Amino acid sequence: MNRPGMLRWALALCTSFSAAAQAPAPPAPALTLDVAAVDAVVAHAMQTFKVPGMAVAVVKDGQVVLAKGYGVRSLATKAPVDANTLFGIASNTKAFTTAALGLLVDEGKLRWDDKVTDYIPEFKLYDPYATAEFTVRDLLCHRSGLGLGAGDLMFFPDSTDFTTKDIIHNLRYFKPMSSFRTKFDYDNNLYLVAGEVVARISGQPWAAFVETRLLKPLGMARSAAGFSRLPDATNFIDAHAEVDGQVLVIQRDQGLVTGAAGGIYSSVNDLSKWALMLLGGPGPQLRC
């Protein structure tokens, strides 16, 4: 339901129950959380997955009832994780890319079932039928017919130098593994195409659009659409990987080409604001 629709519903509800509204509301029950139980789950997860540090936020009934860091943000410095520590949120970024497209749909600049070629004429897949029928909605649904992870080597590992233009061009060379719209296979590259749709319609790069239209209005002041764009990079998790059975600090991937599929950096304090908005809680107008 859009915000005008929600407002009309709320006004009708207030009118219907105006008499009841005059009575004092009963006090809200206190929110309780077994923090020790959360701590135990986190400790088990960190040990199982060999994670040096993590952060957790718990949102319930429109409130953040826990925001806490665990472990260290770097095995080199031993600096502790807290609720403001910035992490690469990886594919959770995809939800922001989808929301960015949703804003453009609300503004009448895009329809979910518009053809991708309406906005990116050079978009082409191996199958001519899929190319012609591929919609913006299809970009987001992992049903293209491409196999799991098809084309990921164009941006991973981070020694590659493919541009977004290169990736869009090269999609035509990947043979499908299933028929179009018949099977789910997780895909990253089509979210990069989705980010390019945002850029071509809005006239802004995907990163700038997401920051100005989503992160800033939601008060996610420490977050950014890429590590190099962080306004304050003084409290962030180092990159780690297991090397010969030992978890070590490794060089960070600072590439921007994967932005729309997995580039955002954020903290649990900031992400809790995103979660509250998604759960229908109070939040700022996203049109700015």
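Every value quoted in this text rests on a predicted model; they were computed, and no experiment measured them. Numbers here are sequence positions counted from 1.
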* Chi angles and distances behind the ring-ring contact (aromatic ring centres under 6.0 Å, His included) call for Y126, F174 -> CA-CA 6 Å; Y126 190 88; F174 292 94; 9.7 Å; no
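One finds no salt bridge joining E211 and K216 here, because no Lys/Arg side-chain nitrogen approaches an Asp/Glu carboxylate oxygen to under 4.0 Å. Salt bridge annotation for D238-R73: absent, with no cationic side-chain nitrogen under 4.0 angstrom from a carboxylate oxygen. Contact check on R111 versus D114 returns a salt bridge, with a Lys/Arg side-chain nitrogen under 4.0 Å from an Asp/Glu carboxylate oxygen. Using a cutoff of 4.0 Å between basic side-chain nitrogens and carboxylate oxygens, E122 and R200 are scored as salt-bridged.
Inspection of the N269 and S267 side chains reveals no N or O donor paired with an N or O acceptor under 3.5 Å. Looking at W112 and T135, their side chains never bring a donor and an acceptor atom within 3.5 Å of each other.
Of all the heavy atoms in G195 and T97, the pair that sits closest is N-CG2, 4.2 Å. The two atoms that bring C141 and F184 nearest to each other are O-CD1, 4.0 Å, heavy atoms only. For the pair N235 and R222, the tightest heavy-atom approach, listed with the atom from each and the gap, is O-NH2, 3.4 Å.
I168 contributes atom CD1, which lies 7.5 Å from atom CG of L171 (distance to the nearest 0.5 angstrom). Atom CG of L139 sits about 10.5 Å away from atom CG of L192, to the nearest 0.5 Å. Remark: L101 CG to I201 CD1 distance equals 7.0 Å, nearest 0.5 Å. To the nearest 0.5 angstrom, K273 atom NZ is 8.0 Å from S223 atom OG. Taking CG of L146 as the start and CG of N189 as the end, the distance is 8.5 Å to the nearest 0.5 Å. Within the model, atoms NZ of K94 and OH of Y191 stand 7.0 Å from one another, a figure rounded to the nearest 0.5 Å.
Within the 3.5 Å criterion, the main-chain N or O of L125 finds a donor-acceptor partner in the side chain of T131. Panel note: side chain N170, backbone I167; no donor-acceptor pair is recorded below 3.5 Å.
With a 4.5 Å cut-off on side-chain heavy atoms, I250 and H240 do not count as touching. Residues P80 and V72 have side chains not in contact (no heavy-atom distance under 4.5 Å, counting atoms from C-beta outward). Counting only heavy atoms from C-beta outward, the side chains of M154 and D152 never approach each other to under 4.5 Å. Side-chain contact between N188 and S91: present, with at least one pair of heavy atoms (C-beta onward) separated by less than 4.5 Å. Counting heavy atoms from C-beta on, the side chains of F87 and V268 never come closer than 4.5 Å.
Stacking of R143 on the aromatic ring of F180 is not recorded, the 6.0 Å distance cut-off and the 45° axial limit not both being met.
Ring-plane geometry between F134 and F123 is classed as tilted, the angle between the planes lying from 30 to 60 degrees on a 0 to 90 degree scale.
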